[in-house]
Peer 1: 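First the structure, then my questions, so here it is.
So that the names make sense, note that chain A is the first sequence line, chain B the second, and so on, each numbered from 1.
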Number of protein chains: 2
Amino acid sequence: MSDFDKHRSAGYLANHMARVFAHALAERIRPLGLAPGQFMTLIELWREDGLTQRDLVARLDVEQATMANTLKRMERDGLIARRAHDSDSRARTIHLTEHARALQGPAEAAANAVNAQAMRGMSGAERSDFIRLMTHAIDSLKP
Amino acid sequence: MSDFDKHRSAGYLANHMARVFAHALAERIRPLGLAPGQFMTLIELWREDGLTQRDLVARLDVEQATMANTLKRMERDGLIARRAHDSDSRARTIHLTEHARALQGPAEAAANAVNAQAMRGMSGAERSDFIRLMTHAIDSLKP
DNA sequence: AGCATATACATAGCTCGCTATTCAAAAGGA
DNA sequence: TCCTTTTGAATAGCGAGCTATGTATATGCT
């Protein structure tokens, strides 16, 4: 009846692939007490501490409400602390705890391992095509 | 401090890409009263009606609990009806309503349009590489 | 036949996306 | 200065993914 084949649909594959990536990452960082959504936030804070929620929203391209909830969980889990902003009393700056700082090495190793596993068997050219084509799709779909 | 670049991380891009795909699809099928998670289930039921929840779980590679909740929402929204299974009283067969059947054309058109937009500007070879490399990553990560 | 195991589904409770709304503070214009 | 608009963040509520558990029915073994 239909010519729609999900195994040839970029959108279906993108969803499926994101789920298996998230699952693989979750397995590896769970022992560290981390969840995948927290990981991306940590990456930005490892790069630069003391960002505001607004900064993180811009860097990670998620909605503000999503980030607010992620930060709430991270605060609950002892990964971040928030301090009053110097010059804007609406904002708070976000700071890694010692514990979160200590996780950088193992967490990045976990992410690198997952990426390596996903691309195992791809040539170097295929790997850069893969990255390039995903970036292309993102740019083409983003409003 | 770190050599981790999210714009070169397959996992980060996979997550980001899945989000923009889902957002683009959601926008286009919302007028039909559909959400993205329901769409994939409908694809299977358009192909073959009267499947069980178990069949759908196997075909779509999601967890049983995820499918149970999706089906509950689809029943609530008048997309499916469930009937007692012929020979197994634990199971129920899942049947599309007339309304859901009528959505096949426009919904598949929406999905095709999103895929086309994502791959706009890719050559034919790049498109098939894209599909192939995503499939490769899924297979490499799946347990 | 009877009991143990396996299976189909439902439910609870979590993460992490989203939209929409609200609130307080900052910035800007008259 | 005062008022409007903009902006930073929180919250409510939903979808869709997950794990873990519960419950009823089938199935299989002895």
Side-chain angles (χ1 to χ4, degrees), chain A residues 11-12 14-27 29-30 33-42 51-58 60-77 79-80 82-94 143, chain B residues 11-12 14-27 29-30 33-42 51-58 60-77 79-80 82-94 143:
Chain A
Y12 176 83
N15 171 277
H16 196 354
M17 182 171 65
R19 287 192 284 119
V20 297
F21 261 110
H23 188 269
L25 182 64
E27 258 188 0
I29 63 180
R30 191 174 322 137
L34 294 179
Q38 305 177 334
F39 177 69
M40 283 301 145
T41 306
L42 285 176
L51 298 172
T52 64
Q53 182 181 123
R54 179 181 185 279
D55 294 330
L56 289 167
V57 165
L60 292 175
D61 201 22
V62 295
E63 292 302 317
Q64 175 264 325
T66 299
M67 185 51 64
N69 285 323
T70 295
L71 291 173
K72 195 191 298 179
R73 283 187 291 270
M74 292 175 74
E75 193 167 32
R76 178 202 63 192
D77 296 348
L79 295 166
I80 59 166
R82 294 192 258 201
R83 296 210 284 266
H85 190 281
D86 277 353
S87 56
D88 187 338
S89 63
R90 293 169 304 180
R92 290 192 287 169
T93 53
I94 295 156
Chain B
Y12 177 84
N15 171 278
H16 196 353
M17 183 170 65
R19 288 192 285 118
V20 297
F21 261 109
H23 187 269
L25 182 64
E27 259 189 358
I29 63 180
R30 191 175 325 144
L34 294 179
Q38 305 178 333
F39 178 69
M40 282 302 144
T41 306
L42 285 176
L51 298 172
T52 64
Q53 181 180 122
R54 180 180 184 278
D55 294 330
L56 288 168
V57 165
L60 292 175
D61 202 21
V62 296
E63 291 303 316
Q64 175 264 324
T66 299
M67 185 52 63
N69 285 323
T70 295
L71 292 173
K72 194 192 297 181
R73 284 188 290 270
M74 292 174 74
E75 194 167 30
R76 177 201 64 192
D77 296 349
L79 295 167
I80 57 166
R82 294 192 257 200
R83 297 209 283 266
H85 191 281
D86 276 353
S87 56
D88 187 337
S89 64
R90 293 170 304 180
R92 289 191 288 167
T93 54
I94 295 156

Peer 1: Taking only N and O in the side chain of A:Arg82, is any of them less than 4.0 Å away from OP1 or OP2 of D:dA10?
Peer 2: yes
Peer 1: Work out which heavy atom in A:Ile80 is nearest to a heavy atom in A:Leu71; give both atom names and the distance.
Peer 2: CD1-O, 3.5 Å
Peer 1: Identify, with sequence neighbours excluded, every residue that meets side-chain contact (heavy atoms from CB on, under 4.5 Å) alongside B:Arg30.
Peer 2: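 Partners of B:Arg30 by the side-chain contact (heavy atoms from CB on, under 4.5 Å) criterion, ordered by chain and then number, come out as B:Ala26, B:Glu27.
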Peer 1: Starting at atom CZ of B:Arg83, determine the distance to atom P of C:dC9, rounded to an integer number of angstrom.
Peer 2: 15 Å
Peer 1: Could you tell me how far apart B:Asp55 (CG) and C:dA8 (P) are, to the nearest whole angstrom?
Peer 2: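 To the nearest whole Å, that distance equals 9 Å.
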Peer 1: C:dA8 P sits how many Å from B:Leu56 CG, rounded?
Peer 2: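 Whole-Å distance recorded here is 13 Å.
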Peer 1: Going by side-chain contact (heavy atoms from CB on, under 4.5 Å), name the residues that satisfy it together with B:Ala24, two or more places apart in sequence or in a different chain.
Peer 2: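 B:Ala24 satisfies side-chain contact (heavy atoms from CB on, under 4.5 Å) with A:Leu141, B:Val114 once adjacent residues are dropped.
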Peer 1: Of all residues at least two apart in sequence or in a different chain, which pass the side-chain contact (heavy atoms from CB on, under 4.5 Å) check with A:Arg83?
Peer 2: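 side-chain contact (heavy atoms from CB on, under 4.5 Å) list for A:Arg83, sorted by chain: A:Thr93, A:His95.
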Peer 1: Give me, pair by pair, the N or O atoms of the protein and of nucleotides 5-8 of chain D that are less than 3.5 Å apart, along with how far apart they are.
Peer 2:
{"from": "D:dT7", "atom 1": "O2", "to": "A:Arg90", "atom 2": "NH1", "distance (Å)": "2.4"}
{"from": "D:dG8", "atom 1": "OP1", "to": "A:Arg54", "atom 2": "NE", "distance (Å)": "2.6"}
{"from": "D:dG8", "atom 1": "OP2", "to": "A:Arg54", "atom 2": "NE", "distance (Å)": "2.7"}

Peer 1: I need the CG-P distance between A:Leu25 and D:dC18, as an integer number of Å.
Peer 2: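 In whole Å, D:dC18 P and A:Leu25 CG are 15 Å from each other.
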Peer 1: With sequence neighbours left out, what residues match B:Arg90 under salt bridge (charged side-chain N to carboxylate O under 4.0 Å, His left out)?
Peer 2: B:Asp88
Peer 1: In whole Å, I'd like the distance from the CG atom of B:Leu71 to the C1' atom of D:dG17.
Peer 2: 14 Å
Peer 1: Encode nucleotides 14-19 of chain C as B, S and - characters from 5' to 3', where the letter depends on protein heavy atoms closer than 4.0 Å: B to the base, S only to sugar-phosphate, - to neither.
Peer 2: -SBSBB
Peer 1: List the atom of B:Thr70, the atom of B:Gln38, and the distance in Å for their closest heavy-atom pair.
Peer 2: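 Closest pair (atom of B:Thr70, atom of B:Gln38, distance): CG2-CA, 4.4 Å.
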Peer 1: State whether the side chain of B:Asp55 and the backbone N or O of B:Thr52 hold a donor-acceptor pair below 3.5 Å, judged by distance alone.
Peer 2: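 Present.
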Peer 1: State whether the side chain of B:Arg82 and the backbone N or O of B:Glu75 hold a donor-acceptor pair below 3.5 Å, judged by distance alone.
Peer 2: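 No: the side chain of B:Arg82 does not pair with the backbone of B:Glu75.
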Peer 1: Can you measure B:Met74 atom CE to D:dC14 atom C1' for me and round it to whole angstrom units?
Peer 2: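 Rounded to the whole Å, the gap is 17 Å.
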Peer 1: For B:Met67 and D:dT19, what is the distance between atoms CE and C1' respectively, to the nearest whole Å?
Peer 2: 17 Å
Peer 1: If you look at every heavy atom in A:Gln53 and A:Ile94, which pair is closest and at what distance?
Peer 2: N-CD1, 3.6 Å
Peer 1: May I ask you to verify if any side-chain N or O of B:Lys72 is less than 4.0 angstrom from the OP1 or OP2 atom of C:dC9?
Peer 2: no
